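The structure presented is a predicted model; accordingly, all values stated were derived computationally and were not measured.
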Amino acid sequence: MSTLGATALVVIDHELLSHGVRSMLKSIPAMGSVWACGKASEAMALLPAQRPDIVLCLGSGPDTAGLVRGAVRQGARALILLEGPDLDVLDEETVLAAHGFLMQAEVTVDKLREAVDQMNAGDIPLPPALARNLMSRSRRRPEHRPSRRISITPREEEVLHFLAEGLSNKQIARRLDISEHGIKRHVTNLLAKLNAPNRTLAVALALKEGLIRAAQPA
């Protein structure tokens with residue numbers, strides 16, 4: 001990351017929306033340079049030259065999957081804006097490769113600042129509506145028995161459930177009344193046990209392995 005702050009590349013083929021997102025990002029103290037382009041093909045050419053820390057794009061873009069993979073290969077973190085809480089617009093590989101999600105209608109300076117701070121801390125921005133949708137995906141898969149290969153403690157199971165709800169480390173610490181440092185240790189242990197590179201994939205694997213169950217509709 002630049003010593004002047006995180007840099008970002010905004011890839012949005014909508015001039016008004018792109019201008020608004022760029023303006024909000026530039027107002028965040030933790031941000032450095034912010035570049036923009038309209039198409040994934042342009043972004044792919046800019047990635048190796050600019051080497052942004054964050055690539056922000058629309059989930060509805062026709063080349064989102066390729067752009068996210070390209071960003072990750074260049075060491076950037078992909079932040080995806082979605083029009084609604086339906087993750088089915090993205091393939092599974094893109095969902096698991098992304099570093100965070102925001103709802104397009106909910107984007108504000110504060111939401112973007114919080115997302116940047118979460119990604120800088122190693123967390124994944126995941127609005128509750130999207131977290132519930134991620135969990136609901138498992139209901140469409142065959143039932144899995146709990147894995148005998150992965151053993152987690154009762155406390156780690158609690159942490160997993162809160163991760164699946166999209167809560168940050170700080171929010172989980174408040175729910176469980178323990179230190180944020182303690183939550184980070186539990187999350188690190190869970191990532192290691194599940195052999196997962198990020199929290200989103202850890203939740204998906206935990207659901208698949210039957211370590212936690214998807215939330216049932218109210």
Side-chain angles (χ1 to χ4, degrees), residues 1 5-12 17-18 20-22 24-28 30-32 34-36 40 43 47 51-61 64-135 137 160 162-172 183-184 187-188 190-191 196-205:
M1 183 187 300
T7 58
L9 174 61
V10 177
V11 188
I12 297 178
L17 180 58
S18 176
V21 171
R22 278 182 289 157
M24 287 187 281
L25 283 172
K26 288 178 179 179
S27 72
I28 299 174
M31 292 302 303
V34 179
W35 304 286
L47 282 172
R51 301 192 68 82
D53 298 302
I54 298 169
V55 172
L56 189 151
C57 62
L58 297 178
S60 58
T64 297
L67 176 58
V68 169
R69 289 194 293 270
V72 172
R73 283 197 299 269
Q74 291 292 331
R77 290 161 291 175
L79 179 61
I80 298 179
L81 296 185
L82 292 174
E83 293 182 3
D86 185 3
L87 284 171
D88 287 338
V89 299
L90 301 171
D91 61 55
E92 197 79 8
E93 182 180 353
T94 304
V95 171
L96 299 179
H99 294 76
F101 302 89
L102 287 175
M103 303 294 289
Q104 185 174 313
E106 298 176 356
V107 172
T108 62
V109 173
D110 287 339
K111 288 285 188 180
L112 282 172
R113 180 188 299 113
E114 183 180 355
V116 170
D117 288 343
Q118 283 182 293
M119 289 193 295
N120 286 343
D123 289 342
I124 292 182
L126 189 66
L130 297 183
R132 288 191 292 271
N133 240 341
L134 176 65
M135 295 183 72
R137 282 188 170 198
L160 261 178
F162 286 126
L163 290 180
E165 292 178 16
L167 273 62
S168 67
N169 288 351
K170 182 178 294 186
Q171 292 170 319
I172 298 173
I183 296 300
K184 288 181 179 179
V187 172
T188 298
L190 285 167
L191 294 182
N198 58 53
R199 295 151 62 104
T200 304
L201 183 54
V203 170
L205 289 173

Undergrad: Can you see which heavy atom on A78 is nearest to which on V68, and at what distance?
TA: CB-CG1, 4.0 Å
Undergrad: So C57 and I80, do their side chains get closer than 4.5 Å, heavy atoms only?
TA: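 Touching, per the 4.5 Å side-chain cut-off.
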Undergrad: Which atom names give the shortest non-hydrogen contact between G59 and L82, and what distance separates them?
TA: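 Of all heavy-atom pairs spanning G59 and L82, the closest is CA-CD2, 3.9 Å.
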Undergrad: Once rounded to the nearest 0.5 Å, what's the spacing between atom CD1 of I172 and atom CD1 of I183?
TA: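 Between I172 CD1 and I183 CD1, I get 6.0 Å after rounding to 0.5 Å.
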Undergrad: For K26, which residues count as a side chain to side chain contact (heavy atoms under 4.5 Å, CB included) partner, sequence neighbours excluded?
TA: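 With neighbours one apart ignored, the set is V34.
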Undergrad: Between D53 and G5, which heavy-atom pair has the shortest distance, and what is it?
TA: OD2-O, 4.1 Å
Undergrad: Partners of A43 by side chain to side chain contact (heavy atoms under 4.5 Å, CB included), sequence neighbours excluded?
TA: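 For A43 the side chain to side chain contact (heavy atoms under 4.5 Å, CB included) partners, ignoring immediate neighbours, are L9, V11, C37, L67.
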Undergrad: For S60, enumerate each residue passing the side chain to side chain contact (heavy atoms under 4.5 Å, CB included) test, keeping only those at least two apart in sequence or located in another chain.
TA: L58, E83
Undergrad: For H99 versus A76, what's the shortest heavy-atom pair and its separation?
TA: CE1-O, 3.7 Å
Undergrad: State, yes or no, whether a side-chain contact exists between I28 and L25 at a heavy-atom distance under 4.5 Å.
TA: yes
Undergrad: My understanding is that only residues two or more places apart in sequence, or in another chain, count here; which of them pass side-chain hydrogen bond (donor to acceptor under 3.5 Å, both in side chains) with E114?
TA: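 In terms of side-chain hydrogen bond (donor to acceptor under 3.5 Å, both in side chains), with neighbours along the sequence ignored, E114 is linked to no residue.
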Undergrad: Distance-only check: which donor-acceptor pairs under 3.5 Å involve side-chain atoms of residues 101-110, not counting sequence neighbours?
TA:
{"from": "T108", "atom 1": "OG1", "to": "D110", "atom 2": "N", "distance (Å)": "3.4"}
{"from": "T108", "atom 1": "OG1", "to": "K111", "atom 2": "N", "distance (Å)": "3.1"}
{"from": "D110", "atom 1": "OD1", "to": "R113", "atom 2": "NH1", "distance (Å)": "2.6"}

Undergrad: Please round to the nearest 0.5 Å and tell me the distance separating atom NZ of K184 and atom NZ of K170.
TA: 9.5 Å
Undergrad: Hey, is the main chain of G32 close enough, under 3.5 Å, to the side chain of T7 for a donor-acceptor pair?
TA: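 No.
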Undergrad: Hey, does I12 have a side-chain heavy atom less than 4.5 Å from the side chain of L81?
TA: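 Contact flag for L81/I12 side chains = yes.
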Undergrad: Considering residues at least two apart in sequence or located in another chain, which fulfil the side chain to side chain contact (heavy atoms under 4.5 Å, CB included) criterion with R51?
TA: Q74
Undergrad: Measure the CG-CG distance between L79 and L56 for me, rounded to the nearest 0.5 Å.
TA: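 It is 4.5 Å, given to the nearest 0.5 Å.
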Undergrad: Hey, what do you get for CG (L205) to CG (L190), rounding to the nearest 0.5 Å?
TA: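 It is 11.5 Å, given to the nearest 0.5 Å.
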Undergrad: Side chain to side chain contact (heavy atoms under 4.5 Å, CB included) for V203 and E165? Distances and angles first, verdict last.
TA: CA-CA 10 Å; V203 170; E165 292 178 16; over 6 Å; no
Undergrad: Mind checking side-chain hydrogen bond (donor to acceptor under 3.5 Å, both in side chains) for T64 and listing every partner two or more places apart, or none if nothing turns up?
TA: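 For T64, no residue satisfies side-chain hydrogen bond (donor to acceptor under 3.5 Å, both in side chains) once neighbours in sequence are set aside.
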Undergrad: Could you tell me the separation between the CH2 atom of W35 and the CG atom of L47, rounded to the nearest 0.5 Å?
TA: 10.0 Å
Undergrad: Under the rule for salt bridge (charged side-chain N to carboxylate O under 4.0 Å, His left out), what residues qualify as partners of R22, not counting sequence neighbours?
TA: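 R22: no salt bridge (charged side-chain N to carboxylate O under 4.0 Å, His left out) contacts found.
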